[in-house]
Structures are given as C-alpha cells and as structure tokens.
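Single-structure report; data block below.
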Amino acid sequence: MSEESNLYTFENETYRKTYWHTCSHILAQAVKRLYPEVKLAIGPSIDEGFYYDMDSPFPFTPEIMEKIEGEMRKICKEKLKLERFELPRAEAVKFMEEKGEPFKVELINDLPEDAAISFYKQGEFTDLCAGPHLDSTGRVKGNAIKLTACNAAYWRGDSSRETLQRIYGIAFPKKDELDEYLQRIEEAKKRDHRKLGKELGLFMLRDEGPGFPFFLPKGMTLKNTLLDYWRQVHKKYGYVEISTPIMLNRQLWERSGHWDHYKNNMYTTVIDEVDFAVKPMNCPGGMLVYASEPHSYKELPLRVGEIGLVHRHELSGALHGLFRVRCFNQDDAHVFMTREQMQDVIQETVRLFDEVYSTFGLSYTIELSTMPEDHIGTVEEWERNQDILKAAITDMGKDFVVNEGDGAFYGPKLDFHLADSLGRTWQCGTIQLDSQLPERFELEYTGEDGQKHRPVMIHRVVLGSIERFIGVITEHFAGAFPLWLSPVQVRILTVTDRADAYAGQLAKALDGKGFRVETDLRNEKIGKKIREATLEKVPYMLVVGDRDVENQAVSVRTRGGEDLGAMSLEAFAAKLEEEVDSKAIL
RNA sequence: GCUAGCGUGGCUCAAUGGCAGAGCACAUCACUCGUAAUGAUGGGGUUGUGGGUUCGAUUCCCACCGCUAGCUCCA
C-alpha cells in the first residue's frame with residue numbers, strides 16, 4: 001500500500017526519470033516553437049535532471065534560455081496529452097526527413113533491425129522516443145523547472161563530429177523542492193576547494209603556469225602531514241620507498257611504450273642532441289631500480305613505493321583546480337610478484353585502500369577498466385588479468401561497475417572514485433595489473449628451482465595524486481580538517497597585552513609537545529580574534545586574559561563555537577594528544 | 001582541443017563611450033576592551049595582454065592568454 005502511494009513521487013526513481021524525460025521533451029517542444037530552424041538530436045533524463053542536445057545556427061544566450069523557460073511553463077499549462085505510436089522503419093525515416101531532422105534520421109537508421117520505432121506526440125510536437133513518459137505535460141509543474149546550463153557537446157560523444165548545444169535543466173514536483181535544490185547547490189559551492197584553498201591559504205594557481213599549482217605554507221603543512229601518514233601506513237604494509245629522476249632519455253620511454261602511446265602529453269626537450277622527457281609516470285624508473293640487481297623468489301612480493309612528481313600536458317579545457325592539474329605528486333608503488341601471488345597482493349592492496357580512505361571517512365565506488373583498442377600484450381593475457389582483478393574484489397564482497405575499454409595500454413585496472421562537493425566523482429586510487437612492462441624490461445627473479453622467472457607487477461596509487469586528494473578532502477571536510485591534519489591546530493588569543501608573555505609561554509610549551517600553534521597578540525577585541533580564527537577553521541582557540549594568567553589556566557573554545565571552559569595546559573595538551581592520535585573526525 | 005560565459009587594487013564585488021568606487025585586507029594613530037567584526041586617518045588600480053574603431057575606450061570590435069561550465073580526453 002505504501003509502495004503504491006510512493007509510485008508518483010520523486011522517491012521512486014522510475015517516476016523521477018520519467019518526469020525528467022518528459023521535461024526534456026517539453027524543452028525540445030519549446031525550442032522548436034520559438035526557433036523552428038533548430039535541429040533536434042537527443043534528450044534523455046540523467047542522474048540529476050535532464051538535457052536536450054540540438055544543433056542551432058545561433059548560440060543560446062542567457063536571454064534566450066529565459067525565453068525557452070517561459071515557453072516551457074506555457075506548455076505545462078496547456079496540459080498536452082503525450083500519445084505514443086509506432087511506425088515501420090521506412091515511414092519513420094520519411095517522417096523525420098520531412099520534418100528536417102537529420103539527427104533523428106540517423107538515430108532511426110542505427111536502431112537494430114527488430115526494434116520498435118516509437119514516437120511520442122504532444123500537441124503539434126512529435127519526437128522519436130522509446131519512452132516512457134508522463135501522460136500529459138500538465139503533470140509537470142511549470143514554475144519548478146529551471147534551465148541550469150548550456151554547453152557544447154559532441155554528437156554521439158565523438159569529437160570528430162558536429163558540436164551540438166546541450167541545454168541542461170532540473171525540475172521538481174513542487175517549487176519549494178526546486179528552491180531547496182538550488183539552495184543545496186549554492187551551499188555545496190561554498191565547499192569548493194578552489195575557493196577554500198584561497199581563503200585558507202593552502203595553494204594558488206597562476207596564469208604563468210596553468211595547471212601547475214603552488215603550495216603555500218599552510219597547504220605545505222597539510223601535504224607533509226598527509227605524506228607522514230602515508231609513509232607510516234605503507235611501512236606497516238611492508239613497503240620500501242625509492243625516488244627516481246624526473247627526467248629520463250627517449251630510449252627509456254620507447255622501451256616502456258610511453259613514447260609511442262603518450263608522446264603528445266609528455267613534456268620533452270633536447271639535451272646534448274638527445275631527446276629527453278619529463279616523466280608522466282614513475283614506473284619506468286621503478287623498472288630500472290628492480291632490474292639493477294638480481295632478485296630471489298624469497299623477496300616477493302616486493303613492494304616499492306615512490307612519491308613521484310609527474311608532469312602531463314592535459315588539455316587546457318580539462319584543468320580544474322587541484323582536481324586536474326599538469327604536474328602532481330603520485331603516491332605510487334610497484335609491487336613485483338609471482339603469478340600465484342596476484343590475488344593476495346590485490347586484496348592486500350584493497351585492504352590498505354580501505355584503511356586509508358576510512359581514516360578520512362571517505363567512501364568510494366570501484367570501476368573495472370578493461371582492454372582498450374590501443375593496447376600491448378595478447379587478448380588472452382588481458383582476459384586472464386581482468387578475471388583475476390574481478391575475482392579478487394568479488395571475493396571481498398565489493399561491488400564494481402565495468403568501464404569497457406578504459407584500461408591502461410599495458411593492463412586492466414581497478415579505479416577507486418571519490419566524490420567532490422557537487423557529487424562529481426574523481427579517480428583517486430587505482431590498481432593496475434601489468435605483465436607487459438616486466439616483459440619489456442626483462443625483469444627476472446630466481447625461483448625455488450634455481451631457474452630465472454619473469455615476475456608480474458601491479459602499479460597502484462591510493463591517494464592518486466596528492467594534489468587531487470587534498471582537493472577532495474578539503475571539500476569533504478569543508479576546510480575544517482581533523483585536528484591531526486589541520487595546518488594550525490591551536491591559536492592562542494590574548495584579551496589584552498597583559499597576557500602576551502603568558503601566551504608566549506603557552507605557545508612554546510605546546511610547540512615543544514609537537515603541536516602546530518600560533519599566537520594572535522594583535523591589539524584587537526577578543527570577539528574579532530575569535531571570529532577570524534573560526535573562519536580560518538582553526539580547531540582550538542585558547543582565550544587568555546588576566547583571569548587565566550592568574551589561575552595559570554587556558555580557556556578553550558572550539559571552531560564549532562563550543563566553550564569548553566578553563567582548564568590547565570596539561571589537561572588541554574592531553575586532550576589534543578588523544579584527538580591527534582585517534583585521528584578523530586569530529 | 002570544442003561551445004558559451006567571464007577577466008576591474010591582495011581578496012569579494014560596484015560603475016560608466018567622458019576624472020574608476022565600496023567593503024575586507026594593509027599602514028599609522030587612539031582605544032586595553034573576556035568568547036563571531038572598535039573608531040579615525042592614509043597608501044594602493046595603465047580595469048588580463050596586444051591591436052583596432054573613436055575627439056576620447058575600462059566600456060564597442062579583433063586576436064591572444066587565463067578562468068568557469070559541460071563535451072572530448074585522463075596512459
């Protein structure tokens with residue numbers, strides 16, 4: 001019964017998608033009424049809202065978008081019935097040809113032989129569509145529709161084909177819900193790491209180096225703290241750490257396959273008439289380290305980590321704050337092993353990922369990326385490796401989606417995606433299975449049998465790029481990092497200058513215990529000092545005035561606005577220590 | 001790279017085909033004030049860069065650079 005009553009609410013995903021699908025048809029109808037010369041392509045509902053792609057001889061400016069929105073409201077009021085009908089292929093093609101819709105004709109021609117070719121008619125407007133739809137445009141609440149953006153999109157996602165204009169929209173059954181949604185988006189934008197990074201003094205980007213981030217003192221503290229933690233975890237899991245050069249010669253990149261597969265994205269130069277490339281990945285250097293001495297099966301799996309600075313010439317349009325940059329630090333590692341050890345090593349790596357992500361309270365989704373067209377190695381090898389990855393995570397009871405053809409050129413991979421404040425996901429962790437590079441670099445180990453064998457390896461990163469990960473956690477915590485990560489953990493605020501000397505003693509004592517502490521001795525009112533420390537998300541403020549000097553105490557306030565009252569420095573330090581050690585997320 | 005929009009002191013943002021403005025920040029002075037902004041005064045801008053139109057351009061036009069959104073890409 002209750003299921004029945006939920007059938008026509010947005011709680012029901014099918015209904016929601018249907019509602020938005022009808023909205024996209026209303027959008028198309030509105031555009032065709034206002035601008036009949038526009039050619040329609042395709043208009044599905046998506047996870048959040050709907051869009052319609054079309055080819056227009058003029059750009060859709062904000063004014064035009066507003067006009068279209070108005071027309072959409074009108075169509076809702078007209079309560080047009082949506083009627084479904086089917087046509088045989090030849091007639092369907094003819095129908096859309098007569099309407100002058102070349103994209104629709106192409107779609108019909110590409111439908112499978114036995115597919116039903118269905119249309120939906122609403123008033124004077126008819127669109128090719130598999131459905132389903134609402135029964136009337138009157139079901140859509142006109143004043144709860146909002147066109148949110150207009151962007152370019154390639155026809156059928158193919159960058160060699162027409163550039164269409166995609167109009168995005170969102171709609172709800174009630175105006176209140178639309179307002180609430182828009183409000184939520186506004187709130188989410190306040191967590192944007194680009195905004196917070198500037199406000200909190202973490203990093204900066206400059207025109208002089210597009211995509212090359214500068215880390216400021218506070219951001220550097222955060223980065224170093226993160227790396228300290230990373231080293232601690234990896235030590236526990238049996239990793240050793242190396243560092244390989246940032247630039248290596250062309251011969252090496254040809255051997256690894258990068259020169260062939262990745263040249264356009266590499267920064268290259270000529271030194272003494274020899275081509276060199278700045279590394280876009282750490283692995284070839286790692287191969288050389290492995291190959292530099294003989295190995296025994298007793299050493300395997302051999303876990304070798306490297307925080308490596310890599311440079312990749314990404315397309316300018318793809319750059320995005322710290323999420324997509326042109327130079328970044330990968331928390332890379334290569335694990336060399338026997339074939340028999342593969343599943344165990346993958347599972348051990350996933351456990352390490354779980355430990356790291358849960359420390360930050362982050363949840364992820366896993367994608368399995370399979371063989372791309374442009375690959376090295378045999379199909380059998382690829383399938384075998386894909387099956388091992390699949391089995392390893394299935395065995396651990398984890399869900400994943402398959403990303404067909406998106407593997408690295410040398411092997412299939414498991415990608416771990418984390419979400420930003422607006423729900424867009426970014427690949428952070430990855431586990432890439434590789435039996436190609438060991439081949440190319442002729443890596444060997446001596447087996448129990450005294451014979452030479454070829455190891456296999458994984459390439460893996462947990463944080464992915466330190467830069468991207470810092471962006472993700474900045475948004476995740478809205479800049480209010482857990483105590484252990486906070487660039488400034490404690491700020492001592494004086495009420496009057498009579499407490500300056502005492503504040504200095506406190507700072508020295510806390511610094512001596514290993515805490516990151518600042519003093520604010522400015523001749524400002526205490527309210528102002530508190531306000532600023534709060535806005536800077538400093539976890540703890542120590543307010544010290546005459547009273548505290550006299551009692552040799554500290555008055556503690558949190559960035560959450562909580563007044564913890566007066567306590568001894570020792571009691572406060574003990575509290576800090578406990579919170580840092582537990583890496584608590586408050 | 002593609003399409004559209006945007007680019008004004010350190011930051012957030014006004015304004016205009018005719019002397020470029022506010023708040024915050026910064027400096028100086030006064031105030032010594034106990035839990036989210038004390039007041040006064042002052043300095044700071046070739047309005048992203050380069051061309052063009054115009055008596056005059058920050059505003060209009062062109063190119064380039066950068067940013068934003070999405071598309072494409074992401075070994």
Side-chain angles (χ1 to χ4, degrees), chain A residues 51 53 55-56 58-62 64-65 148-168 189 192 194-195 198-199 201 204-211 253 256-258 260-266 280-281 283 310 312-321 323-326 369 372 374-376 406-411 413 415 422 424 426-427 430 432 434 459 464-465 468 493-500 523-535 541-548 555-559 561-566:
Chain A
Y51 67 75
D53 284 352
D55 196 10
S56 161
F58 53 85
F60 290 118
T61 59
I64 292 180
M65 298 267 284
T148 51
C150 180
N151 309 109
Y154 297 109
W155 171 229
R156 304 198 131 176
D158 182 346
S159 60
S160 66
R161 299 212 49 184
E162 293 88 338
T163 297
L164 306 176
Q165 296 188 55
R166 174 173 297 177
I167 298 180
Y168 283 89
K189 282 183 182 161
D192 191 311
R194 292 167 296 190
K195 182 175 152 65
K198 194 179 272 182
E199 286 171 4
M204 67 175 188
L205 286 159
R206 301 265 318 178
D207 287 3
E208 289 87 338
W253 299 111
S256 69
H258 290 93
D260 279 349
H261 292 264
Y262 203 64
K263 194 173 51 200
N264 293 340
N265 282 30
M266 287 161 72
M281 305 185 90
C283 26
V310 299
R312 302 176 177 184
H313 188 72
E314 303 291 357
L315 290 178
S316 60
L319 301 179
H320 185 112
F323 285 160
R324 195 72 181 280
V325 289
R326 284 176 171 159
S369 293
D374 186 23
H375 65 269
I376 56 180
D406 205 37
F409 70 82
Y410 46 72
K413 53 180 186 155
D415 290 331
L422 287 171
R424 296 175 290 207
W426 299 86
Q427 182 195 313
T430 182
Q432 309 179 346
D434 182 5
H459 309 246
S465 119
R468 177 179 287 182
L493 317 177
T494 50
V495 180
T496 71
D497 56 13
R498 291 188 297 278
D500 284 4
N523 183 10
E524 293 289 352
K525 291 197 166 168
I526 193 65
K528 178 163 184 160
K529 296 186 183 183
I530 287 170
R531 177 181 159 80
E532 290 184 0
T534 305
L535 291 175
M541 287 158 250
L542 299 186
V543 176
V544 294
D546 294 339
R547 226 160 49 211
D548 305 283
S555 298
V556 185
R557 183 187 162 106
T558 69
R559 64 185 162 199
E562 208 181 341
D563 190 346
L564 303 183

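- The shortest distance between the side-chain N/O atoms of A:Arg161 and the OP1/OP2 oxygens of B:C2 is not below 4.0 Å.
- If you take CZ of A:Arg498 and C1' of B:U32, they are 6 Å apart, rounded to a whole angstrom.
- Among the atoms of the strands shown, none is found under 4.0 Å from any heavy atom of A:Asp374.
- Although no hydrogens or angles enter the test, the distance criterion places no donor-acceptor pair under 3.5 Å between the side chain of A:Arg468 and the main chain of A:Val325.
- If you check every strand for non-hydrogen atoms under 4.0 Å, A:Lys413 touches sugar and phosphate atoms only.
- Within the 4.0 angstrom heavy-atom criterion, only backbone atoms of the sugar-phosphate kind lie near A:Gly527; the bases stay farther away.
- Note on A:Ala152: a base of the nucleic acid sits closer than 4.0 angstrom, heavy atoms only.
- In this structure, A:His313 and A:Arg326 have side chains that are in contact, with non-hydrogen atoms separated by less than 4.5 Å.
- Comparing B:G34, B:C71, B:U38 against the side chain of A:Glu524 picks out B:U38 as the nearest.
- Here the nucleotide nearest the side chain of A:Lys525, chosen from B:U35, B:C74, B:C33, is B:C33.
- Residue-level contact check: A:Leu493 touches neither bases nor backbone, having no heavy atom under 4.0 Å from any strand.
- Residue A:Pro280 is classed as a base contact, given a heavy-atom separation below 4.0 Å to a base.
- Of the side-chain N and O atoms in A:His313, none sit less than 4.0 angstrom from OP1 or OP2 of B:C74.
- You'll find that the side chain of A:Lys528 is closest to B:A25, out of B:C67, B:A25, B:U35.
- Distance noted for atom P between B:A15 and B:A22: 15 Å (whole Å).
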Output, in order, the C-alpha distance, side-chain angles, deciding distance and verdict of side-chain contact (heavy atoms from CB on, under 4.5 Å) for A:His261 and A:Ile376.
CA-CA 10 Å; A:His261 292 264; A:Ile376 56 180; 3.7 Å; yes

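- Listed candidates were B:U3, B:G70, B:C73. Nearest to the side chain of A:Ala318 is B:C73.
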*Apply side-chain contact (heavy atoms from CB on, under 4.5 Å) to the pair A:Tyr154 and A:Arg161, showing each step before the final yes or no.*
CA-CA 6 Å; A:Tyr154 297 109; A:Arg161 299 212 49 184; 5.8 Å; no

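- Considering only side-chain atoms of A:Glu314, the nucleotide from B:C74, B:G70, B:G34 that sits closest is B:C74.
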Parsed dot-bracket for RNA chain B after applying the Watson-Crick and G-U rules with both distances under 3.5 Å and | for other-strand partners is (((((((..((((....[..)))).(((((.......))))).....(((((..]....))))))))))))....

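- The side chain of A:Thr163 approaches B:U3 more closely than any other nucleotide in the set B:U3, B:A36, B:C71.
- At the phosphate of B:G1, OP1 or OP2 sits under 4.0 Å from a side-chain N or O atom of A:Ser316.
- Across the protein-nucleic acid pair, A:Lys263 atom NZ and B:C74 atom P stand 17 Å apart, rounded to whole Å.
- At the heavy-atom level, A:Ile526 lies under 4.0 Å from the strands shown only through sugar-phosphate atoms.
- Counting atom types as modelled, A:Ser159 pairs no side-chain N or O with a base atom of B:G1 as donor and acceptor under 3.5 Å.
- Checking the phosphate oxygens (OP1, OP2) of B:A36, a side-chain nitrogen or oxygen of A:Arg557 falls inside 4.0 Å.
- Rounded to a whole Å, the CZ atom of A:Arg326 is 12 Å from the C1' atom of B:C73.
- The aromatic rings of A:His320 and A:Trp426 lie tilted to each other, with the angle between the two planes from 30° to 60°.
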Report the C-alpha distance between A:Leu493 and A:Ile526 in whole Å, list the side-chain angles of each, state the deciding distance to 0.1 Å, and finish with yes or no for side-chain contact (heavy atoms from CB on, under 4.5 Å).
CA-CA 7 Å; A:Leu493 317 177; A:Ile526 193 65; 3.7 Å; yes

Practice task
Check the pair A:Glu199, A:Leu535 against side-chain contact (heavy atoms from CB on, under 4.5 Å), reporting the backbone distance first and the verdict last.
Solution key: CA-CA 9 Å; A:Glu199 286 171 4; A:Leu535 291 175; over 6 Å; no

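- Nearest to the side-chain atoms of A:Thr534 among the listed nucleotides B:A36, B:U72, B:C33 stands B:A36.
- Residue side chain A:Tyr154 does not reach the base of B:G70 through any donor-acceptor N/O pair under 3.5 Å, judged by distance alone.
- Between A:Glu314 and A:Leu319, the closest side-chain pair of non-hydrogen atoms falls below 4.5 Å.
- Among the protein residues, A:His261 comes within range of no part of the nucleic acid, since none of its heavy atoms lies under 4.0 Å from any strand.
- A donor-acceptor contact under 3.5 Å is formed by the side chain of A:Asp548 with the base of B:G34.
- Separation of the C1' atoms belonging to B:G21 and B:U58 is 13 Å when rounded to the nearest angstrom.
- Ranking B:C11, B:G34, B:A36 by closeness to the A:Lys198 side chain, first place goes to B:C11.
- Taking atom CZ on A:Arg312 and atom P on B:G1, their separation rounds to 19 Å, with Å as the unit.
- No N or O donor and acceptor, one from the side chain of A:Asn151 and one from the base of B:U3, sit under 3.5 Å apart.
- Note on A:Thr148: nothing from the nucleic acid sits closer than 4.0 angstrom, heavy atoms only.
- Within 4.0 Å of A:Glu199, counting heavy atoms only, lies no atom of the nucleic acid at all.
- If you take atom C1' in B:A40 and the same atom in B:G51, they sit 47 Å apart, rounded to whole Å.
- Side-chain N/O atoms of A:Arg194 include one lying less than 4.0 angstrom from OP1 or OP2 on B:U68.
- Contact check on A:Arg166 versus A:Asp53 returns a salt bridge, with a Lys/Arg side-chain nitrogen under 4.0 Å from an Asp/Glu carboxylate oxygen.
- Backbone-only contact: A:Asp207 has heavy atoms under 4.0 Å from sugar-phosphate atoms and none from a base.
- One interatomic measurement links the two molecules: CG of A:Asp546 to P of B:U35, which rounds to 14 Å at whole-angstrom precision.
- Here A:Gly157 lies in heavy-atom contact (under 4.0 Å) with sugar-phosphate atoms only.
- Among the protein residues, A:Tyr51 comes within range of no part of the nucleic acid, since none of its heavy atoms lies under 4.0 Å from any strand.
- Under the 3.5 Å distance criterion, the side-chain polar atoms of A:Gln432 are left unmatched by any main-chain donor or acceptor of A:Gly407.
- Distance A:Arg531 CZ to B:G23 C1': 12 Å, rounded to the nearest Å.
- Computed from coordinates, the A:Asp406 CG to B:U72 P distance equals 12 Å when rounded to whole Å.
- Ion pairing of A:Arg156 with A:Asp158 is absent here, as no side-chain N (NZ or NE/NH1/NH2) approaches a carboxylate O to less than 4.0 Å.
- In this model, the phosphate group of B:C73 is not approached by any side-chain N or O of A:Arg324 to a distance below 4.0 Å at OP1 or OP2.
- For the pair A:Trp155 CH2 and B:C71 P, the interatomic distance rounds to 16 Å; values are reported in whole Å.
- Across all strands, A:Phe60 comes closer than 4.0 Å to no nucleic acid atom at all (heavy-atom distances).
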